[in-house]
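Data block below; observations after.
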Number of protein chains: 2
Amino acid sequence: MGESSRITGQDSLRADARRNRQRILSAARLVFAEHGIDAPMTTVARRAGVGVATLYRRFPTRDALVRAAFAHQLDTCARALTEALAEPDPWQGFQQLVETVCELQREERGFPAAFVAAFPDSTREYARVRQQAEQDFLTLVRRAQAAGALRADFHPSDFAVALLSHCGLVTALPGDRAASRRLVAYLLQSFRVEAAHGALPAPSALSLRSLPLAPYGSQGQRSSGA
Amino acid sequence: MGESSRITGQDSLRADARRNRQRILSAARLVFAEHGIDAPMTTVARRAGVGVATLYRRFPTRDALVRAAFAHQLDTCARALTEALAEPDPWQGFQQLVETVCELQREERGFPAAFVAAFPDSTREYARVRQQAEQDFLTLVRRAQAAGALRADFHPSDFAVALLSHCGLVTALPGDRAASRRLVAYLLQSFRVEAAHGALPAPSALSLRSLPLAPYGSQGQRSSGA
DNA sequence: TCGCAAGTGGACGAGATCGTCCATTTGACC
DNA sequence: GGTCAAATGGACGATCTCGTCCACTTGCGA
């Protein structure tokens, strides 16, 4: 909390401005959940009870708004990683991590879209936090493999593959919790040593670094305009 | 071919009109692949070298155009099902079916989006063909289970879950073939008896009938306007 | 209490897309 | 060759969204 406000500078806002900022974020979550992240900015502004100008001043681009609106969920992802590492049984930790993130994608309408939208980005400011997250995740994977639970040919990028495909599923079928849970169960089972059955094709070149697992703070202005 | 033209009535078109229709479809495939299925209709028309009016006359809605443009791919899906049934080893057949459909999603840019777009629909005219497809797929599943290859708790709706999630993945990462192949491999392995490891959560209520596995012919006018 | 910088709202012009309308052209059949 | 219904193209009005600009308001420190 203190962390993100330091990053976004929301502390230095005047009281009324800070209040409006929060209103906008709440409204954005509602509107995005209801109409998708492509909903008109005007709708968000109206719902928040502010003018468009105010909205644009706080969040110059739709992207910035989306990121800020779902910063909390992203923080939860990061927290899940920490907790996973703390778990004594590494497979338990791994499983919980996958389930927590997928549950977020399943339950918070709008978040999945935000998740993929945020995906290819690797904003400068968070590079370090992300690198840390990547490192932690790697540790988790190694441990789970050493414990003989996670299959040896599991590649870190497979985590991204799992999350993105699950994301796609819940986007295609919002509300179908059973489908989401099924997919997660299948994936988790296929990651176990017992499921290993012949060689897998080569892993993706996807970098985990680009996964939005690290806390976003909010705002998240793009460093590169283009 | 003869089948679909009978359905869409394209035989009764004047020669020039029929030619234009084909041009439009080619252009649509190109444009959709390049800019996504939300590309402006005008762009498609220009690319096809026809006026917008012509485009709108043939395909009253963007949806109709999308369906028609990817009808061939959908036919391939249907054919894959037939071939899967013909395969002596039912697991081989099952595996091939999944791989063929996923390959289509992977290789034909634009098709995945069309696939999910088409998904929730169950147009009257194709009800019978679909029901047949569903029946065939069920047979395939039963056989593969009886052969002791496909896990007993596999539910037909899991096929839809697999396809939709894969679809989401390739949409999020167009061009990352490795990721797509990995997911398919994991899913297939998790469908094997060997992977069964504890109970799965309840299957989705998704009906296979709504999966666009059956041939579309083209055009595919909505029966219900609303 | 006062002054002013920070904050605000909503009108507005630019740009994009939609789908229709109609005057004109063209293919098919006699 | 002639006739006519089918087919065509592109202009056009309607609608929507964006992001900016500016006159007005307000919180807060002195």
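Keep in mind it's a predicted model, so treat the numbers as computed, not measured.
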For [X] versus [Y], what's the shortest heavy-atom pair and its separation?
X      : Y      : answer
B/R181 : A/P201 : O-CG, 3.6 Å
B/L188 : B/Q95  : CD1-CG, 3.6 Å
B/A113 : B/I37  : CB-CD1, 3.6 Å
B/F59  : B/M41  : O-CE, 4.3 Å

Rounded to whole angstrom units, what separation is found between the [atom1] atom of [X] and the [atom2] atom of [N]?
X     : N      : atom1 : atom2 : answer
A/R58 : D/dG19 : CZ    : P     : 17 Å
B/I24 : D/dT8  : CD1   : C1'   : 11 Å
B/D63 : C/dG19 : CG    : P     : 12 Å

A/R57 side chain near C/dG9 phosphate (N/O to OP1/OP2, under 4.0 Å)
no
Give a yes/no answer on whether the side chain of B/N20 brings an N or O atom under 4.0 Å of OP1 or OP2 in D/dT8.
yes
Using a distance-only test with no angle check, is there a side-chain donor-acceptor pair under 3.5 angstrom linking [X] and [Y]?
X      : Y      : result
B/S180 : B/H166 : yes
A/D176 : B/S204 : yes
A/H35  : A/T43  : no

So, do B/F191 and B/Y186 have ring centers that fall under 6.0 Å from each other?
no
Reading nucleotides 23-30 of chain D 5' to 3', which nucleotides get B (base under 4.0 Å from a protein heavy atom), which S (sugar-phosphate only), which -?
---BSS--
State whether A/E34 and A/R109 are salt-bridged, where the test is any N-O pair (Lys NZ or Arg NE/NH1/NH2 against Asp/Glu carboxylate O) under 4.0 Å.
no
Answer yes when B/R79 and B/D75 have at least one side-chain N-carboxylate O distance shorter than 4.0 Å, and no when they do not.
no
Sort me out a list of protein N/O and nucleotides 13-17 of chain C N/O pairs below 3.5 Å, or just none if empty.
none

Please work out which residues in residues 46-56 of chain A have a non-hydrogen atom less than 4.0 Å from an atom of DNA chain C and list them by number.
A/G49, A/V50, A/G51, A/V52, A/A53, A/T54
Rounded to the nearest 0.5 Å, how far does CG of B/L81 lie from CD of B/Q96?
12.0 Å
